[in-house]
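FYI, side chains are in, hydrogens and waters are out, and symmetry mates aren't considered; it's all heavy atoms of this structure. FYI, the numbering just counts along the sequence from 1.
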Amino acid sequence: METFKKQRRMRELVSAIREADTAYFKYDEELMTDREYDALVSELQELEKETGIVLASSPTQSVPGEILDGLKKVRHTKPMLSADKTKSVEDLIRFAKGQTVVLSWKLDGLTLVLRYSGGVFRQAVTRGSDGVIGEDVTHTVLRFLNVPLTVPSKETFEVRGEGVISWENFKEINSGMEQPYRHPRGVASGSVRRLDAEDPVTGLLEFFAFELIPEMDRSGDKKRHLIFLAENGFAVVPHMVLPKGASEKIIREAVSVFSPDLYGYPVDGLIMEYADIRYGKSLGATGHHENRLIALKWKDEMVETEFTGLEPAVTRSGMISLTGMFKPVEIDGTEVSRAYLHNLDILENLKLGIGDRIRVYKANMIIPQIGENLTKSGTLVLPVHCPCCGSDLKVQTTEGGTRQLYCENPSCAAKLVRKFVHFCDKTRMDIAGLSEKTLAKFIGKGWIRNFADLYRLERYQDEIVKTEGFGEKSYARLKDSVEKSRHCKLNQFIAGMGIPMVGRHAGRTISDYFEGDFTAFEKALKEGFDFTALPDFGATMQDNLYAWYTDEEQEKLWRPLLSELTFIKEEKKMEMNRILEGKTIVATGKLKNYTRDGIQSKIVSLGAKAGSSVTKKTDYLIVGEKAGSKLAKAKQLGVTILTEEEFEEMIAS
């Protein structure tokens with residue numbers, strides 16, 4: 001139990017440190033002092049040393065991103081067959097038939113195989129379409145929240161499990177997307193199989209182990225296998241062991257304990273498996289499934305109701321989201337009256353018409369869906385004009401091959417409103433008095449068409465004062481706020497542009513490098529500057545930055561703004577010593593004379609790049625107390641290692 005307590009504490013520490021990092025780097029907030037932060041990291045390093053377990057999300061690790069040309073095919077050591085399926089609890093009762101069984105969640109994500117040898121994570125492979133040949137996805141699985149990179153066991157073994165994303169993180173991702181994912185399964189599958197390991201979504205995925213495949217048969221007991229996995233740092237799928245001879249009542253009660261609406265991850269049923277592995281294997285398999293386990297799939301509660309219409313809405317990209325409306329019904333204890341229709345293909349296949357009798361359900365007992373149309377009148381008329389600006393709508397085929405409706409009017413108010421809300425936010429240009437509702441009114445009236453128009457509202461002063469909710473005092477406050485924002489820092493401007501993945505932290509990095517000078521920043525863009533040379537600036541971020549700069553429609557929004565703003569220059573205090581100029585330097589462990597930010601600033605002031613992870617491109621590693629895995633990686637790669645004293649002697653010489 002002591003081992004499990006230490007693992008639990010390690011996860012608590014990882015969570016606390018990640019939360020502090022997010023607050024600091026994303027929101028400029030400090031949740032704890034440097035001393036408190038360092039104490040948590042030191043405690044985590046000690047526990048990693050004691051247990052032999054290091055999680056991929058641990059702040060003691062920094063896995064470099066990687067972009068592949070294609071996914072390599074890998075043959076599984078043994079075929080990955082499916083489980084037999086049923087929707088009847090009676091079948092589970094018959095399956096148990098006097099044997100000890102293990103009942104667990106059937107997680108709904110992407111099935112993966114992780115390979116270990118010598119106590120180190122070696123490879124991750126997808127199940128593949130046939131369960132015989134999968135794809136190597138090690139580069140993305142390395143970025144999961146909870147995959148152990150090192151384990152106490154030195155044996156060679158494989159772990160089968162599911163890559164999933166929690167409902168909480170799924171909702172957070174979808175809230176910022178123009179075309180939301182239909183289901184968390186799509187997030188897992190799409191992110192894991194990306195060639196670019198820097199996809200930020202991958203860092204929100206988790207792995208739950210459900211099967212151990214050892215080369216030597218350590219035990220024929222499923223329970224012992226799951227304990228082994230837990231002892232080696234894996235998150236094991238939640239399960240329950242039902243003893244031999246469990247009654248029908250006990251089995252039904254056990255099934256009822258697994259409530260999907262109370263579980264934080266997507267599931268599509270339960271798995272029952274014989275605890276005696278040898279007995280299970282003796283039952284053989286078909287070409288499709290193994291006879292040692294069976295899956296109970298949820299019975300979707302289908303409720304009949306009446307379709308009442310379609311609600312279109314314009315997203316920031318111009319895509320028209322379509323929501324099906326129907327008379328309210330209760331499903332799984334909650335009232336629902338609308339279901340998102342993800343594309344035109346789904347909508348047209350349903351052949352809907354107002355007044356049609358439809359059957360609705362909750363996918364995985366969570367997401368409302370229209371299951372079927374009993375009437376199929378096909379009389380529903382699709383919208384042909386944008387619900388906001390009235391422009392003609394066009395059908396476009398997405399990269400994924402689905403058809404969507406789009407408003408192609410670049411001046412559509414609905415599209416611009418969200419861009420302006422982002423721009424005016426307190427954490428960007430900080431223009432108070434322009435709520436989303438107010439911006440919608442002003443844009444709808446044609447007073448604002450680009451960012452520069454925010455600074456020219458005096459042209460409409462009389463009309464604004466007469467606008468509902470406004471008056472002389474409100475206008476005066478708004479004007480004062482607008483005037484204050486005229487004098488801004490380059491990082492505020494960049495963050496306000498809404499460039500994907502290039503937010504406040506990246507904006508500050510750019511501003512620091514170019515000393516707040518927009519002209520120097522734009523000159524770098526024109527000359528093809530390599531922004532990945534800046535601290536924590538990835539290739540995807542650079543691509544997004546250049547895509548923004550070369551987008552003509554985007555330029556129409558921001559280019560006129562330059563004549564309205566004054567950028568506050570920021571002097572970069574550069575040290576005279578140039579011995580480290582252009583070098584990549586990483587610092588690790590607890591330093592005597594520098595905080596985390598202090599050593600980063602010092603490195604940048606010397607004209608060097610402050611790296612976050614040790615790679616082949618690292619020139620120097622500065623080590624303090626309890627240096628950890630970065631020191632080992634530096635030794636492995638032959639990186640020059642400096643003590644804090646040696647570093648200071650070097651820059652003083």
Side-chain angles (χ1 to χ4, degrees), residues 4 7 55 76-86 92 95-96 99-116 121 123-128 131 134 137 141 144-148 151 153 157-166 184-185 188-189 192 205-214 217-242 254-255 257-258 260 263-281 285 289-298 364:
F4 295 135
Q7 288 184 34
L55 301 177
H76 291 295
T77 53
K78 73 167 197 172
M80 297 186 70
L81 300 179
S82 300
D84 195 10
K85 296 176 179 62
T86 181
L92 295 191
F95 179 87
Q99 294 288 327
T100 301
V101 292
V102 178
L103 188 66
S104 64
W105 284 119
K106 184 177 183 298
L107 291 161
D108 197 4
L110 180 70
T111 303
L112 297 167
V113 179
L114 310 188
R115 293 176 172 175
Y116 289 79
F121 169 57
Q123 189 179 43
V125 185
T126 64
R127 178 185 182 277
V137 288
V141 173
F144 274 34
L145 278 170
N146 65 341
V147 167
V151 296
S153 174
F157 63 90
E158 293 184 0
V159 184
R160 293 182 173 181
E162 201 83 356
V164 294
I165 189 167
S166 68
R185 185 192 317 109
S189 179
V192 172
L205 294 176
E206 298 175 61
F207 178 80
F208 284 89
F210 56 67
E211 186 177 5
L212 173 67
I213 310 293
D217 192 14
R218 77 175 53 256
S219 164
D221 188 348
K222 178 74 175 184
K223 302 190 297 294
R224 285 300 313 158
H225 279 205
L226 295 177
I227 291 171
F228 169 84
L229 291 171
E231 288 176 341
N232 280 271
F234 294 94
V236 176
V237 62
H239 59 279
M240 182 185 298
V241 179
L242 303 181
V255 170
V257 167
F258 289 84
Y263 188 50
Y265 298 84
V267 293
D268 60 353
L270 300 177
I271 291 284
M272 181 177 278
E273 181 178 358
Y274 293 122
D276 186 336
I277 295 173
R278 292 189 184 91
Y279 171 74
K281 287 182 177 178
H289 64 265
E290 297 182 82
N291 294 323
R292 63 185 177 86
L293 70 171
I294 187 171
L296 174 69
K297 301 281 283 185
W298 304 127
N364 285 4

Query raised in the report: Does a side-chain heavy-atom distance below 4.5 Å link Val137 with Leu112?
Result: yes
**Report entry** Sidechain N-carboxylate O distance under 4.0 Å for Lys223, Asp221
**Finding:** yes
Query raised in the report: Passes side-chain contact (heavy atoms from CB on, under 4.5 Å), Ile271 versus Trp105? Steps please.
Result: CA-CA 6 Å; Ile271 291 284; Trp105 284 119; over 6 Å; no
Report task. Give me the ring orientation class for Phe157 and Phe234: parallel if the planes are under 30° apart, tilted from 30 to 60°, perpendicular past 60°. Result -> perpendicular
Query raised in the report: Asn232 and Val159: side-chain contact (heavy atoms from CB on, under 4.5 Å), yes or no, with the steps?
Result: CA-CA 11 Å; Asn232 280 271; Val159 184; over 6 Å; no
Query raised in the report: Taking atom CD of Glu206 and atom CG of Leu145, what is their separation to the nearest 0.5 Å?
Result: 5.0 Å
Query raised in the report: Hey, do the aromatic rings of Tyr274 and Phe95 have their centres closer than 6.0 Å?
Result: yes
Report task. Could you tell me whether a side-chain N or O of His225 sits under 3.5 Å from a main-chain N or O of Phe210, the two making a donor and an acceptor? Result -> no
Report task. Drop me the distance from Arg160's CZ to Arg127's CZ, to the nearest 0.5 angstrom. Result -> 9.0 Å
Query raised in the report: Heavy atoms, side chains only, cut-off 4.5 Å: are Met272 and Ile294 in contact?
Result: yes
Query - Heavy-atom check, side chain of Met80 versus side chain of Thr111, under 4.5 Å - result: yes
Requested in this report: Run the salt-bridge test on Lys281 and Glu273 with the 4.0 Å N-O cut-off and return the result as yes or no.
Outcome: no
Query raised in the report: Of all heavy-atom pairs between Phe4 and Ile227, which one has the smallest distance, and what is that distance?
Result: CZ-O, 4.4 Å
**Report entry** Residues Glu158 and Thr77: side-chain donor-acceptor under 3.5 angstrom
**Finding:** yes
**Report entry** OG-CZ distance between Ser153 and Phe228, expressed to the nearest 0.5 angstrom
**Finding:** 3.5 Å
Report task. Taking Gln7 for its side chain and Ala230 for its backbone only, find out whether a donor-acceptor pair lies under 3.5 Å. Result -> yes
Query raised in the report: Just how far is it from atom CD1 of Ile277 to atom CZ of Arg292, taken to the nearest 0.5 Å?
Result: 7.5 Å
Query - Smallest separation among heavy atoms of Ile165 and Pro184, with atom names - result: CG2-CB, 3.6 Å
Query raised in the report: So do Leu242 and Thr100 actually touch side chain to side chain, heavy atoms under 4.5 Å?
Result: no
Query raised in the report: Are any non-hydrogen side-chain atoms of Val192 and Leu205 less than 4.5 angstrom apart?
Result: yes
Report task. Taking the six-membered ring for Trp and the full ring for Phe, Tyr or His, determine whether the centres of Phe207 and Phe144 are under 6.0 Å apart. Result -> no
Requested in this report: Specify the closest pair of heavy atoms between Ala83 and His289, including all atoms of both residues, with the distance to one decimal.
Outcome: C-CB, 3.6 Å
Report summary line: Ala188 and Gly163 have their tightest heavy-atom pair at CB-O, 3.4 Å
Query raised in the report: Do Asp84 and Asn291 come within less than 4.5 Å of each other through their side chains, counting heavy atoms only?
Result: no
Query raised in the report: So do Val147 and Leu55 actually touch side chain to side chain, heavy atoms under 4.5 Å?
Result: no
Query raised in the report: Could you give the distance from CG (Leu103) to CG (Leu92), rounded to the nearest 0.5 Å?
Result: 7.0 Å
Query raised in the report: Can you name the one residue among Val267, Leu270, Asp268 that meets side chain to side chain contact (heavy atoms under 4.5 Å, CB included) with Pro260?
Result: Val267
**Report entry** Flag for Glu162-Tyr265: side-chain donor and acceptor within less than 3.5 Å
**Finding:** no
Query raised in the report: What are the two closest non-hydrogen atoms of His239 and Val237, and how far apart are they?
Result: ND1-O, 2.9 Å
Query - Heavy-atom closest contact (Leu229 atom, Ala209 atom, distance) - result: CD1-CB, 3.9 Å
Query raised in the report: Can you tell me how far the CG atom of Leu212 sits from the OH atom of Tyr116, to the nearest 0.5 Å?
Result: 11.5 Å
Query raised in the report: Mind checking whether Arg185 and Asp108 have side chains closer than 4.5 Å, heavy atoms only?
Result: yes
Requested in this report: Evaluate side-chain contact (heavy atoms from CB on, under 4.5 Å) for Leu114 paired with Phe121, printing each intermediate quantity in order.
Outcome: CA-CA 7 Å; Leu114 310 188; Phe121 169 57; 4.1 Å; yes
